[in-house]
Amino acid sequence: MESEQAMAATVSTRLTTFKYSNRVLLKTILERRDGGLELAGERVVVGGWVKSSKEVRKEPVPLIVGDHRPNEPEPRSDVSCTEILQSRIPFLRAIVKILGGSGGHYPLGEKLEAAVHKPPPPSTVFLKVSDGSCVATLQVVVESSLAPPSQLLHTGTCIIVEGLLQQSLVHGTNVIELRVDTVHHIGTVDYSKYSLAKKRVPLDKLRDFCHIRARTTTVASVMRIRNALDFAAHTFCQNHGFLSVQVPILTTTDCKGFSEKFQVTSLFGKAGEKEEPHHKAIAELEGVSLDVIKAAVKEKSNLVEELKRTDSNKEALDAAVQDLRKANELASQLEAREKTKPKTSQKVDNVKSSEDFFSSPTYLTCSGRMHLESYACALGNVYSFGPRFQADKEESPKHAAEMWMFEVELAFSQLEDAINCADDFLKFLCKWVLENCPEDMKFVSQRIDKTRADRLHSVISSSFERISYTEALDAIKKVTEKKIDTKIEWGAALTEADLSYLADEIFKKPVIIYNYPKEAKPFYVRLNDDGKTVAAFDIVVPKAGKLISGSQNEERITILTTRVKELGLAREQYEWYLDLRRHGTVKHSGFSLEFDLMVLFSTGLTDVRDVIPFPRSYGKADY
């Protein structure tokens with residue numbers, strides 16, 4: 001009895017079935033040091049999708065009567081009439097041809113062949129099967145006597161089969177294969193309509209088939225890396241005593257103080273005849289001063305003019321022109337709204353208060369940090385993970401309308417504490433991916449970017465460069481002003497190209513930039529003693545750009561109230577936020593990780609839409 005239990009324990013440690021479907025995950029077979037060879041002889045049930053296939057036909061052995069040798073076994077004496085007739089069809093056809101002449105129509109021959117149906121020759125089907133648990137595929141061998149090969153051969157076919165694991169007879173990528181003796185399920189494919197019927201479909205084309213693209217090796221690897229980063233982020237926070245808090249997706253507050261938001265309403269169809277409907281969720285600016293926008297337009301116009309004097313910094317010019325265009329569009333929208341507001345605002349407000357689902361204008365959140373603050377000021381250290389939305393029509397490989405953010409808030413902390421936490425957090429994520437996704441990272445290095453693992457190692461081992469905004473601007477000015485022969489004024493926005501240049505070319509390692517001009521950051525960031533800068537920071541990584549933004553938030557109610565007034569924000573929207581300063585205020589700080597961009601950096605891909613399961617961008621939300 002004890003020996004039987006010991007044997008059972010040995011088998012269970014060698015191979016474990018998935019608890020909820022009684023099948024073995026392929027990663028438990030294929031990701032062993034010996035490739036699964038030690039499991040030869042084990043009976044398993046596996047399920048997955050066919051990645052590639054091959055059919056090998058077996059040639060039938062002809063029956064020759066009278067050709068018997070003494071040392072060989074006696075020929076079969078129970079040959080069926082069907083087999084005899086099949087072997088004699090050529091002979092009978094020849095007789096008919098002689099009797100009936102040549103070139104004619106011979107119904108006798110057709111009747112003979114029709115009467116004796118010739119079954120297809122036996123064959124063996126070799127399938128490369130993946131269940132999504134790992135990069136590698138398992139070779140599955142199925143005899144035609146178990147299932148029709150025509151049902152098994154197409155890419156995308158789903159199968160559940162049972163059999164014995166055996167050492168592969170053919171030396172190749174797999175040392176182990178599954179010899180099937182039972183077929184439990186076949187999910188066939190309409191191959192003429194299957195989106196992945198062709199090999200190597202480009203990533204941009206796969207975006208049209210988000211519901212099925214995870215079956216490709218590349219997207220599957222990206223999703224496993226994304227899962228690892230998700231788990232790592234939660235693990236870091238839980239290990240350091242942070243509590244998970246779910247912040248709302250629907251909000252009445254502009255959490256950045258200056259952003260394009262999706263408005264949520266249930267009025268379309270009710271007030272549609274009175275108002276001009278656009279989308280179920282429309283981008284609209286609320287509580288933003290027109291004067292602030294006009295000042296931004298003027299500043300951006302000056303920058304464009306400076307950059308136009310030379311073609312040596314075309315990337316920066318393109319970015320500046322795009323920023324200027326957006327600012328002009330914003331100003332036009334505000335001016336148009338100001339002109340129509342006296343005529344329509346009362347009517348719309350009356351309709352909203354009486355008929356809309358929510359009594360106040362409501363939006364999809366663009367940040368969860370303000371709501372997270374309220375729980376940090378009660379629970380201490382908290383974090384949240386979820387989608388954030390921005391109605392920005394910008395076409396950018398690093399932007400989508402819906403992006404996931406990992407946000408952290410720390411009570412009783414200042415700017416330096418948040419920077420240190422973000423530094424450790426980013427390094428932890430990079431290390432986790434390398435240690436827990438070795439096969440996926442190997443695939444990424446082979447098929448996407450051979451330097452990707454080295455870049456992750458570089459983040460882990462680097463001491464991040466810490467410089468103020470002023471120091472960063474000076475470093476950029478030394479290079480830029482020589483090229484365009486003009487001065488860059490303090491307060492100018494650091495473009496994406498500027499940030500990348502700092503990390504990629506000047507310091508050649510991750511850079512932390514802190515103490516930004518107050519105009520460049522949200523209203524709630526703590527004002528520094530100089531009255532011009534605020535306690536905000538960004539972490540910029542080579543070949544990735546800005547991954548983390550953070551700040552120490554303003555705990556002084558008088559200064560926060562002044563900032564709200566300066567920016568022309570609707571104070572009534574922020575009374576609950578000001579309450580946190582009225583009742584038991586405390587210094588606190590936090591940061592946000594652009595999670596999708598972290599996945600982009602880890603995989604070496606270049607477009608954020610390829611690392612989001614179902615990306616939403618301007619003009620496209622098909623699922």
Side-chain angles (χ1 to χ4, degrees), residues 49 130-133 135 155-156 158 187 189 193-198 200-234 246-251 259-264 278-283 363-368 384-407 429 433 437 440 443-444 448 547 592-623:
W49 291 266
S130 169
D131 67 356
S133 63
V135 176
T155 300
C158 182
V189 168
K193 298 180 180 179
Y194 187 50
S195 308
L196 305 181
K198 295 181 180 180
R200 298 288 181 93
V201 181
L203 286 171
D204 59 332
K205 298 297 182 184
L206 286 175
R207 294 172 202 152
D208 296 329
F209 316 115
C210 290
H211 61 295
I212 210 166
R213 66 175 178 170
R215 294 186 187 181
T216 64
T217 307
T218 298
V219 177
S221 280
V222 169
M223 290 301 115
R224 285 190 292 268
I225 291 172
R226 184 184 180 96
N227 168 73
L229 286 168
D230 182 341
F231 189 80
H234 284 277
Q246 290 73 45
V247 298
I249 289 177
L250 300 178
T251 179
S259 60
E260 297 183 32
K261 309 182 294 298
F262 287 104
Q263 184 173 358
V264 178
H278 295 288
H279 306 283
K280 284 289 183 181
I282 58 176
Y363 310 93
L364 299 180
T365 186
C366 57
S367 172
S384 186
F385 183 46
R388 308 293 178 251
F389 306 86
Q390 193 163 344
D392 191 341
K393 296 180 182 180
E394 175 188 4
E395 290 288 337
S396 168
K398 293 186 178 181
H399 173 76
E402 177 188 11
M403 296 186 69
W404 284 68
M405 304 286 283
F406 204 96
E407 297 157 329
L429 296 184
V433 168
C437 302
D440 287 305
F443 172 81
V444 163
I448 301 175
L547 294 181
S592 300
L593 167 75
E594 296 262 12
F595 184 76
D596 299 311
L597 297 186
M598 182 65 201
V599 181
L600 204 66
F601 172 63
S602 300
T603 58
L605 293 174
T606 57
D607 197 303
V608 73
R609 291 172 293 180
D610 297 325
V611 302
I612 300 174
F614 292 92
R616 276 80 173 90
S617 55
Y618 177 59
K620 198 170 185 64
D622 296 334
Y623 294 90

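Values reported hereafter were calculated over all heavy atoms of this structure, with side chains retained and with hydrogens, waters and symmetry mates removed.
Going from atom CG of L203 over to atom CG of D607 covers 9.0 Å, rounded to the nearest 0.5 Å. The CD atom of E402 lies 10.5 Å from the CZ atom of R388; values are rounded to the nearest 0.5 Å. Atoms CZ and CG, on R213 and L196 in that order, are 11.0 Å from each other to the nearest 0.5 Å. Separating the CD1 atom in I225 from the CG atom in D230 is a distance of 13.5 Å, to the nearest 0.5 Å. The distance from atom CZ of F262 to atom CZ of R616, rounded to the nearest 0.5 Å, is 11.0 Å. Rounded to the nearest 0.5 Å, atoms CD1 (I212) and OH (Y194) are 4.5 Å apart.
Partners of F406 by ring-ring contact (aromatic ring centres under 6.0 Å, His included), not counting sequence neighbours, listed by chain and number: H234, Y383, F385, F425. Under the rule for a salt bridge (charged side-chain N to carboxylate O under 4.0 Å, His left out), E594 has no partner lying at least two apart in sequence or in another chain. Under the rule for a side chain to side chain contact (heavy atoms under 4.5 Å, CB included), the partners of D204 that lie at least two apart in sequence or sit in another chain are P202, R207. Listed by chain and number, the residues in a ring-ring contact (aromatic ring centres under 6.0 Å, His included) with F614 are Y623 (sequence neighbours excluded).
When all heavy atoms are compared, the tightest approach of A233 to L429 is N-CD2, 3.6 Å. Heavy atoms only, all atoms of each residue included: W49 and G156 are closest at CD1-O, 3.4 Å.
Taking 4.5 Å as the limit, some side-chain heavy atom of T218 sits within range of a side-chain heavy atom of I448. In this structure, F389 and C366 have side chains that are not in contact, with every pair of non-hydrogen atoms separated by 4.5 Å or more. Proximity of T365 to V247: side-chain heavy atoms (C-beta onward) are nowhere separated by under 4.5 Å. Annotation: side chain of V189 is not in contact with side chain of T155 (no heavy-atom distance under 4.5 Å). Using a 4.5 Å heavy-atom threshold, the side chains of S367 and E407 count as touching.
Partner P615 forms a side chain to side chain contact (heavy atoms under 4.5 Å, CB included) with one of R609, K620, M403 and no other, that one being R609.
Judged as a salt bridge (charged side-chain N to carboxylate O under 4.0 Å, His left out), the pairs with a partner in residues 217-229 (not counting sequence neighbours) are, in order, R224-D440, R226-D596.
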Anything under 3.5 Å between a donor and an acceptor, one on a side chain of residues 597-606, the other on a protein residue two or more places apart or in another chain? List them.
unit_1, atom_1, unit_2, atom_2, d
S602, OG, M598, O, 2.9
T603, OG1, V599, O, 2.9
T603, OG1, L600, O, 3.3

- Task: Determine, stepwise, if the pair V201 / T216 fulfils side-chain contact (heavy atoms from CB on, under 4.5 Å).
- Result: CA-CA 9 Å; V201 181; T216 64; 6.0 Å; no

